[in-house]
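Comments concern the structure below.
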Amino acid sequence: MAASCLTVRNLQAWYTPQQMVLSGLSMELKKHEAVGLIGWNGAGKTTLIRALSGLLKNCRADEIRSGSRPVDFRDEAFKLYRYSVFDEDHSFAYFTFREYFSYVCRAYGKTGKDMPDPGEIVEGFHFTEYQDVRMKELSTGNRKKAFLITAFALKPELLFLDEPVNGLDFQSTEYLYRLIRSYKAYGTVLFASHVLESITLTSDRVMVLEHGRIGRTFEKEQIDADEIREALRDEDDV
């Protein structure tokens with residue numbers, strides 16, 4: 001059985017005391033797997049990714065472990081263990097991609113001979129001509145590519161992707177699917193999407209987020225678009 005990469009027990013997250021988004025959520029990510037997270041819009045997918053990324057103050061859990069080690073989402077060491085790509089990200093607006101990539105590599109302690117070369121991924125996303133354009137001047141899709149290139153070149157042990165397909169053209173979407181499938185050689189991916197195709201084409205395991213917790217899980221041969229679609233319909237009927 002594969003070793004655990006991240007274990008979370010009884011996670012609760014809220015924006016106001018009257019607006020509980022996640023409640024009693026438990027999940028485990030294994031090392032070297034691609035896990036899809038799906039649910040209706042508003043189910044809490046982005047909230048979960050934000051909590052796991054240490055960006056949500058209003059959350060608590062009975063247990064958070066990275067392997068056998070207890071951690072906090074906001075621990076400095078755990079920050080260096082993960083990287084997150086969000087659907088909407090307007091940060092570093094005045095950085096070019098090259099400047100942003102260099103900044104992130106330094107933050108993760110990857111400098112000099114340890115600094116990764118993003119060239120192959122830049123070409124794969126057809127991003128070469130945009131590397132010296134400020135982030136704020138890029139289209140939505142190209143800004144998304146800048147963060148995705150950084151993520152896959154950096155190769156953290158734990159990679160969180162929140163609606164990464166949004167804004168991408170067909171070729172870039174297909175390339176992203178290949179990157180996700182091959183990433184298991186380096187680490188673990190948690191891929192949140194409302195696009196069912198994205199999940200079924202990339203995931204070893206699919207978790208359905210419903211009523212603030214992981215309601216159902218589909219594994220390998222169980223991953224079938226019609227079955228998952230039916231699970232989502234069942235949730236809508238509750």
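Bear in mind the structure is a predicted one, so any value in this text is a computation, not a measurement. Numbers here are sequence positions counted from 1.
By the 4.5 Å heavy-atom criterion applied to side chains, Pro164 and Leu176 are counted as neighbours. Proximity of Lys45 to Glu163: side-chain heavy atoms (C-beta onward) are separated by under 4.5 Å at one or more points. Under the 4.5 Å side-chain criterion, counting only non-hydrogen atoms from C-beta, Leu29 is in contact with Phe160. Two residues are said to be in side-chain contact when any heavy atoms from C-beta on lie closer than 4.5 Å; Leu159 and Leu190 fail this criterion. Put simply, the side chain of Asp204 does not reach to within 4.5 Å of the side chain of Val35, judged on heavy atoms. Side-chain contact between Val104 and Tyr108 is present, with at least one heavy-atom pair separated by less than 4.5 Å.
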Solution key, residues 60-69 side-chain donor-acceptor pairs under 3.5 Å, sequence neighbours excluded:
unit_1 : atom_1 : unit_2 : atom_2 : d
Asp62  : OD2    : Asn10  : ND2    : 2.9
Arg65  : NH2    : Ser68  : O      : 2.3

Sequence neighbours left out, cut at 3.5 Å: what donor-acceptor pairs do the side chains of residues 13-22 make with other protein atoms?
unit_1 : atom_1 : unit_2 : atom_2 : d
Tyr15  : OH     : Thr47  : OG1    : 2.9
Thr16  : OG1    : Gln18  : N      : 3.4
Thr16  : OG1    : Gln19  : N      : 3.1

Compile the donor-acceptor pairs under 3.5 Å between side chains in residues 128-136 and protein atoms, sequence neighbours left out, one pair per line.
unit_1 : atom_1 : unit_2 : atom_2 : d
Gln131 : NE2    : Thr128 : O      : 3.2
Asp132 : OD1    : Arg98  : NE     : 2.8
Asp132 : OD2    : Arg98  : NE     : 3.2

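Within the hydrophobic cluster formed by Ile, Leu, Val, Met, Phe, Trp and Tyr side chains joined at under 4.5 Å, directly or through other members, Phe170 stands alone, with no partner residue.
Taking the six-membered ring for Trp, Phe92 and Tyr103 have ring centres closer than 6.0 Å.
Legend: residues meeting ring pair (Phe, Tyr, Trp, His ring centres under 6.0 Å) with Tyr175, ordered by chain and number and at least two apart, are Phe125. Applying the ring pair (Phe, Tyr, Trp, His ring centres under 6.0 Å) criterion to Phe191, with sequence neighbours excluded, gives no partner residue. In this structure, Phe218 has no ring pair (Phe, Tyr, Trp, His ring centres under 6.0 Å) partners at least two apart in sequence or on a different chain. With sequence neighbours left out, Ser172 forms a side chain to side chain donor-acceptor pair (under 3.5 Å) with Lys145, Asp169. Applying the side chain to side chain contact (heavy atoms under 4.5 Å, CB included) test to Thr200 and every residue at least two apart in sequence or in another chain returns Leu196, Ile223, Ala225, Ile228. Applying the ring pair (Phe, Tyr, Trp, His ring centres under 6.0 Å) rule to Tyr83 yields no partners; only residues at least two apart in sequence or on another chain are considered.
Heavy atoms of other residues, nucleotides or ligands lying less than 6.0 angstrom from NZ of Lys31 number 12 at most. Residue Gln222 places its CD atom among more than 12 non-hydrogen atoms of other residues, nucleotides or ligands, all under 6.0 Å distant.
Remark: the Thr188 side chain and the Glu33 side chain contain no N/O donor-acceptor pair separated by less than 3.5 Å.
Sorted by first then second residue, the salt bridge (charged side-chain N to carboxylate O under 4.0 Å, His left out) pairs that include residues 70-82, not counting sequence neighbours, are Glu76-Lys79. Listed by first and then second residue, the ring pair (Phe, Tyr, Trp, His ring centres under 6.0 Å) pairs involving residues 50-80 are Phe78-Tyr81 (not counting sequence neighbours).
At a threshold of 4.0 Å, the pair Arg50-Asp162 does not count as salt-bridged, since none of the basic side-chain nitrogens sits closer than that to a carboxylate oxygen.
In this pair, Tyr100 and Phe95 present their aromatic rings perpendicular. The plane angle is above 60°, beyond the 30 to 60° band.
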